[in-house]
Amino acid sequence: MIQRVCFLLFCLFFSPVLLSADTSAISDQIRQRVERIRADGDVVVAGQMIASQLVLPAIYERRGYTPLWTRTDSVTQLMTALENIADDGLDAADYHLPELKALRAQATTADAAYAADYDILLTDSLIRLGYHLLVGKVDPVQLDSNWNLDYTIGDLDSAVAMATAIDNGSVDQLID
């Protein structure tokens, strides 16, 4: 009996975030949202505009629309980074933190729509955060039309790097 309880506790704390939702149903929901992003460009998930028009769809398309955030440690690392992002002069609300907290409890239910929304918001949050940390949040050309320094992201394949960090539980290292 004790072994069974220990096993259940282990599964609860170390199994994927989306415990009871059917992965294929979540994938279908993710596919629908990604297709809307590709077609319309403007998609609202849980009341939040999805900012990533290129990287987010590329990540999900490469993975067959499967949920990315199946590791609880990856989710925890991102949430911790967002809760402390004010230390870098950024506002956590810009990265969906209040909505992510609200969806977190709902995403572990059997509702595939909530689980897909949660997964997509987590992904968009990481993409936004990474972009802002890498190149900044303000467009310098809008502040000064004489701005003549270009920034480039380089040849970093951000879709692969992000998916790898999420899969490996090294989101915190990616953010750093």
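Computed from a predicted model, the values in this text were never measured in an experiment.
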Pairwise side-chain contact, [X] with [Y], heavy-atom cut-off 4.5 Å (strictly under):
X	Y	answer
T164	L174	no
I30	T66	no
L90	L129	yes
L68	I59	yes
D119	Y60	yes
V45	Y118	no
R31	R36	no

So which atom in [X] and which in [Y] form the shortest heavy-atom distance, rounded to 0.1 Å?
X	Y	answer
I37	P57	CG2-CG, 3.6 Å
S74	G169	OG-CA, 3.2 Å
M49	V44	CE-CG2, 4.1 Å
V171	Q77	N-OE1, 2.8 Å
R104	T76	NH2-OG1, 3.9 Å
I166	R71	O-CD, 3.5 Å

Please identify each residue that fulfils salt bridge (charged side-chain N to carboxylate O under 4.0 Å, His left out) with [X], with sequence neighbours left out.
X	answer
D91	none
D88	none
E61	R38

**salt bridge (Lys or Arg N to Asp or Glu O under 4.0 Å) pairs, two or more places apart, involving residues 121-136** =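 Only D124-R128 qualify under salt bridge (Lys or Arg N to Asp or Glu O under 4.0 Å).
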**Request:** Not counting sequence neighbours, list each pair that qualifies as a salt bridge (Lys or Arg N to Asp or Glu O under 4.0 Å) and has a residue in residues 160-176.
**Result:**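 Those involving residues 160-176 are R63-D167.
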**Request:** Could you give me the CA-CA distance, side-chain angles and deciding distance for D117 and R33, then say whether side chain to side chain contact (heavy atoms under 4.5 Å, CB included) is met?
**Result:** CA-CA 9 Å; D117 287 350; R33 286 156 180 76; 2.6 Å; yes
Could you grab the distance from atom [atom1] of [X] to atom [atom2] of [Y], nearest 0.5 Å is fine?
X	Y	atom1	atom2	value
E99	Q48	CD	CD	3.5 Å
I85	T80	CD1	OG1	11.5 Å
D28	D22	CG	CG	8.5 Å

**Message:** Could you walk me through whether S125 and L100 satisfy the side chain to side chain contact (heavy atoms under 4.5 Å, CB included) test, starting with their C-alpha distance in whole Å, then the side-chain angles of each, then the deciding distance to 0.1 Å, before giving a yes or no?
**Reply:** CA-CA 9 Å; S125 174; L100 287 170; 4.1 Å; yes
**Request:** Kindly write out the residues that satisfy ring pair (Phe, Tyr, Trp, His ring centres under 6.0 Å) with Y95, not counting sequence neighbours, or none if the list is empty.
**Result:**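 Applying ring pair (Phe, Tyr, Trp, His ring centres under 6.0 Å) to Y95 gives H132.
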**Request:** Say whether W69 and T123, considering side chains only, have a donor N or O and an acceptor N or O under 3.5 Å apart.
**Result:**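 W69 vs T123: donor-acceptor pair found between side chains.
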**Prompt:** Side chains of N168 and S170: donor-acceptor distance under 3.5 Å anywhere?
**Reply:**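 Side-chain D/A pair, N168 to S170: absent.
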**Request:** Start with the C-alpha gap between I175 and L126, add the side-chain angles, then the distance that decides, and say whether side chain to side chain contact (heavy atoms under 4.5 Å, CB included) holds.
**Result:** CA-CA 8 Å; I175 293 170; L126 180 59; 3.9 Å; yes
**Asked** Which is it for M79 and L97 under the side chain to side chain contact (heavy atoms under 4.5 Å, CB included) test, yes or no, and what are the steps along the way?
**Response** CA-CA 7 Å; M79 297 294 272; L97 183 60; 3.9 Å; yes
